[in-house]
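In this chain, residues are counted from 1 in sequence order. Given the structure is predicted, the values throughout are model-derived calculations rather than measurements.
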Amino acid sequence: LVGAAMPGSDQVEKISIVPRGMAALGYTLQLPTEDRFLRDEAELKGQIATMLGGRSAEEVIFGKVSTGASDDIQKATDLAERAVTQYGMAASLGPVAFEKSQSQFLEGDRTRRAISGEVATEIDRLVKSSLTQAHDAALSILKLNRDLLESMTAVLLAEDVLEGAQLNEMLAQAQAPVNTQIWLTTGQVA
C-alpha cells in the first residue's frame with residue numbers, strides 16, 4: 001500500500017504470506033515497469049517509506065513492532081545513508097561524497113572518507129531524520145488506507161497469495177495523504 005501511494009515506485013506484482021526459507025515469513029515482489037538507472041530524491045524517499053511499510057503496518061494493526069521487518073529496516077537505513085553520503089542529497093552538507101566505493105562490483109564494500117566528528121554527527125542526524133520522516137509517511141498512508149489494508153489482509157489469510165488483476169484493483173484504491181507530496185518535494189513534514 002505504501003509503495004502504491006509513492007511516485008516512481010516499482011509495481012507490486014505479488015504479495016505472499018507463504019514463508020520462504022528461514023528468513024522470510026512472506027514477501028512483496030516489486031518489479032520495475034521500465035529500465036531505470038537514476039532515481040531522484042523524491043523517489044528515494046518513497047523507496048525508504050515503502051521499505052518501512054511492513055514495520056509501520058505492525059504499529060497500525062498491533063500497536064507494537066516485532067523483529068519481522070529487520071531486513072527492510074536495514075535496507076532503508078542503508079539507502080538513507082547512501083542518499084547523504086554518496087549522492088550528495090543533504091542540503092546542509094552540500095554535494096559532497098563522504099563515502100567512497102572500494103569496488104563497484106561488490107555490494108557493501110564501502111568506506112567513509114576521513115571526516116570530522118561534527119560531520120559524522122550531522123550525517124547520523126540526517127539519516128535518522130530521513131528514516132523518521134519516511135516512517136511517519138508510511139504510518140499516515142496506512143492509517144488513511146486501514147480498511148483497504150484489512151481487506152488485503154483478509155484475502156491473504158484466505159488465499160496465501162495476492163496477485164494479478166485482484167492485486168492491481170486493490171492497490172489502485174490506495175490514497176496518499178495530502179502532506180505526502182509536500183514531504184516528497186520539499187522534505188518538509190506538514
Side-chain angles (χ1 to χ4, degrees), residues 1-20 24-36 38-80 83 89 129-190:
L1 285 173
V2 176
M6 290 292 158
S9 287
D10 294 334
Q11 184 171 340
V12 177
E13 294 290 328
K14 182 177 184 178
I15 302 171
S16 172
I17 59 170
V18 177
R20 295 187 55 149
L25 297 175
Y27 64 93
T28 299
L29 175 65
Q30 286 183 277
L31 297 175
T33 54
E34 59 188 28
D35 285 338
R36 305 263 328 254
L38 302 174
R39 300 261 183 201
D40 65 28
E41 189 173 2
E43 290 169 330
L44 292 182
K45 288 177 184 178
Q47 283 184 317
I48 294 167
T50 301
M51 290 175 194
L52 296 175
R55 181 183 194 278
S56 300
E58 288 181 342
E59 288 179 71
V60 169
I61 299 300
F62 303 118
K64 58 185 176 180
V65 295
S66 73
T67 59
S70 62
D71 186 57
D72 293 330
I73 292 169
Q74 183 64 55
K75 288 177 182 175
T77 303
D78 290 346
L79 182 54
M89 293 183 172
S129 176
S130 175
L131 292 167
T132 299
Q133 290 176 9
H135 176 241
D136 290 345
L139 284 172
S140 295
I141 290 166
L142 293 169
K143 287 175 183 175
L144 179 65
N145 294 283
R146 181 163 182 155
D147 290 343
L148 182 56
L149 176 62
E150 291 184 15
S151 297
M152 292 176 76
T153 301
V155 172
L156 282 166
L157 288 172
E159 301 177 20
D160 293 337
V161 174
L162 188 52
E163 61 187 330
Q166 183 181 26
L167 174 61
N168 292 333
E169 284 176 27
M170 295 183 104
L171 290 177
Q173 298 173 48
Q175 299 174 6
V178 176
N179 63 349
T180 301
Q181 192 58 42
I182 295 168
W183 167 66
L184 289 169
T185 56
T186 68
Q188 303 300 313
V189 179

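In terms of heavy-atom proximity, Q47 sits nearest to R39 at NE2-NE, 3.7 Å. Here the closest heavy-atom approach between residue I48 and residue S130 is recorded as CD1-OG, 3.9 Å. Contact detail for V12 and I15: the closest heavy-atom pair is CG1-CG1, 3.9 Å. In this structure, A49 and W183 approach most closely via the heavy-atom pair CB-CH2, 4.2 Å. E13 and E163 get closest at one heavy-atom pair: O-CB, 3.4 Å. A76 and L52 make their closest contact through CB-CD2, 3.9 Å (heavy atoms, listed as atom of the first residue, atom of the second, distance).
Of the possible polar contacts, none joining the N179 side chain to the I182 backbone as a donor-acceptor pair under 3.5 Å is found.
Atom CG of L144 and atom CG of L139 lie 12.5 Å apart (nearest 0.5 Å). For the atom pair S129 OG and Q133 CD, the distance stands at 4.0 Å (nearest 0.5 Å). With rounding to the nearest 0.5 Å, the separation of OG1 in T180 from CG in L184 is 6.5 Å. For the atom pair M51 CE and H135 NE2, the distance stands at 15.0 Å (nearest 0.5 Å). Interatomic distance, CG of D72 versus OG1 of T77, reported as 10.5 Å (0.5 Å rounding). Rounded to the nearest 0.5 Å, atoms CG (L44) and CE (M6) are 12.5 Å apart.
Each of V18, I17, V161 was checked for a side-chain contact (heavy atoms from CB on, under 4.5 Å) with L156, and the lone residue meeting it is I17. Among D136, L1, L142, the one residue that satisfies the side-chain contact (heavy atoms from CB on, under 4.5 Å) test with S56 is L142.
The salt bridge (charged side-chain N to carboxylate O under 4.0 Å, His left out) check on E150 picks up R146, with sequence neighbours excluded.
For the pair K75 and D71, the minimum side-chain heavy-atom distance is below 4.5 Å. With contacts defined as side-chain heavy-atom distances shorter than 4.5 Å, the pair E43/D40 qualifies.
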With a cut-off of 3.5 Å and sequence neighbours excluded, list every side-chain donor-acceptor pair involving residues 164-177.
residue: N168; atom: ND2; partner: G164; partner atom: O; Å: 3.3
residue: Q173; atom: NE2; partner: E169; partner atom: O; Å: 3.4

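Contacts classified as salt bridge (Lys or Arg N to Asp or Glu O under 4.0 Å) and involving residues 55-68 (residues at least two apart or in different chains) are given here: R55-E59.
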